[in-house]
Amino acid sequence: VPAAILVEGVISDETVTHLRRLLSRDKDVRDFFLDSPGGFLSAGMRLGKMLSDLGARTTIPQGGECFSACALAFLGGKDRVLLAGAKDL
């Protein structure tokens, strides 16, 4: 049972589909770490809505990045954490 899920790489429709699949297996996950250069606007919006509906905590890990579509997903978190040293933020 994962305590958290790491979302990394380009955010796309496939990212949203994969995350839905993971969450259908474990409905208790509420912590999401985001490390992404961005991606597709519509996918970032859908991911942010999904995280908002879950009441998720979104975190950008130390040394991570979160641009473009990732920022939309990050803002979907009920609680948002930016760990010190995140790249270029």
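Start at 1 with the first residue, then count along the sequence.
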(message) Quick check against the 3.5 Å criterion: does Ser36 have a side-chain atom that pairs as donor or acceptor with the backbone of Gly38?
(response) yes

(message) Would you say Val16 ends up clustered with Leu54 if hydrophobic residues are merged whenever their side chains have heavy atoms under 4.5 Å apart, either directly or through other cluster members?
(response) yes

(message) Using the salt bridge (Lys or Arg N to Asp or Glu O under 4.0 Å) criterion, which residues pair with Arg20? Sequence neighbours excluded.
(response) none

(message) A quick test of your reading: do over 12 heavy atoms of other residues, nucleotides or ligands sit less than 6.0 Å from CE of Met45?
(response) no

(request) Provide the closest heavy-atom pair for Leu34 versus Cys70 in the form atom of the first, atom of the second, distance. (result) CB-SG, 3.8 Å

(request) Hey, could you give me the CZ/OG1 distance between Phe32 and Thr59, rounded to the nearest 0.5 Å? (result) 10.5 Å

(message) With clusters defined by side-chain heavy atoms of hydrophobic residues (ILVMFWY) lying less than 4.5 Å apart, directly or transitively, does Leu22 cluster with Leu47?
(response) yes

(message) So does Gly64 get a backbone contact from the side chain of Asp35, meaning a donor-acceptor N/O pair under 3.5 Å?
(response) no

(request) State the NZ-CG distance between Lys49 and Leu72, to the nearest 0.5 angstrom. (result) 14.5 Å

(message) Quick check: closest heavy atoms across Ala69 and Phe40, and the distance to 0.1 Å?
(response) CB-O, 3.4 Å

(request) Please name all residues satisfying side chain to side chain contact (heavy atoms under 4.5 Å, CB included) with Ser42, sequence neighbours left out, ordered by chain then number. (result) Asp13, Arg46

(message) Restricting to non-hydrogen atoms, name the atom on Phe33 and the atom on Pro61 that form the minimum distance, rounded to 0.1 Å.
(response) CD2-CB, 4.3 Å

(request) Return the set of residues passing side chain to side chain contact (heavy atoms under 4.5 Å, CB included) with Glu14 (not counting sequence neighbours), or none when no residue passes. (result) Ser12

(request) Side-chain contact test, heavy atoms from C-beta onward, threshold under 4.5 Å: evaluate it for Leu23 versus Ile5 and give yes or no. (result) yes

(message) Using side-chain heavy atoms (C-beta onward) and a distance below 4.5 Å, is Asp53 in contact with Leu51?
(response) no

(request) Scan for salt bridge (charged side-chain N to carboxylate O under 4.0 Å, His left out) pairs involving residues 67-77, sequence neighbours excluded, and state none if there are none. (result) none

(message) So, using side chain to side chain donor-acceptor pair (under 3.5 Å) as the criterion, who are the partners of Lys78 when residues are at least two apart?
(response) none

(message) Applying side chain to side chain contact (heavy atoms under 4.5 Å, CB included), can you list everything that pairs with Arg80, at least two apart in sequence or on another chain?
(response) Thr58, Phe74, Leu75

(request) Using side chain to side chain contact (heavy atoms under 4.5 Å, CB included) as the criterion, list what pairs up with Ser52, not counting sequence neighbours. (result) none

(message) Taking salt bridge (Lys or Arg N to Asp or Glu O under 4.0 Å) as the definition, give me every residue that meets it alongside Asp31, ordered by chain and number, with sequence neighbours left out.
(response) Arg57

(request) Would you kindly confirm whether Leu41 and Ile11 end up in one hydrophobic cluster when ILVMFWY residues are joined by side chain heavy atoms under 4.5 Å apart? (result) no

(message) Restricting to non-hydrogen atoms, name the atom on Ile60 and the atom on Cys66 that form the minimum distance, rounded to 0.1 Å.
(response) CD1-CB, 3.4 Å

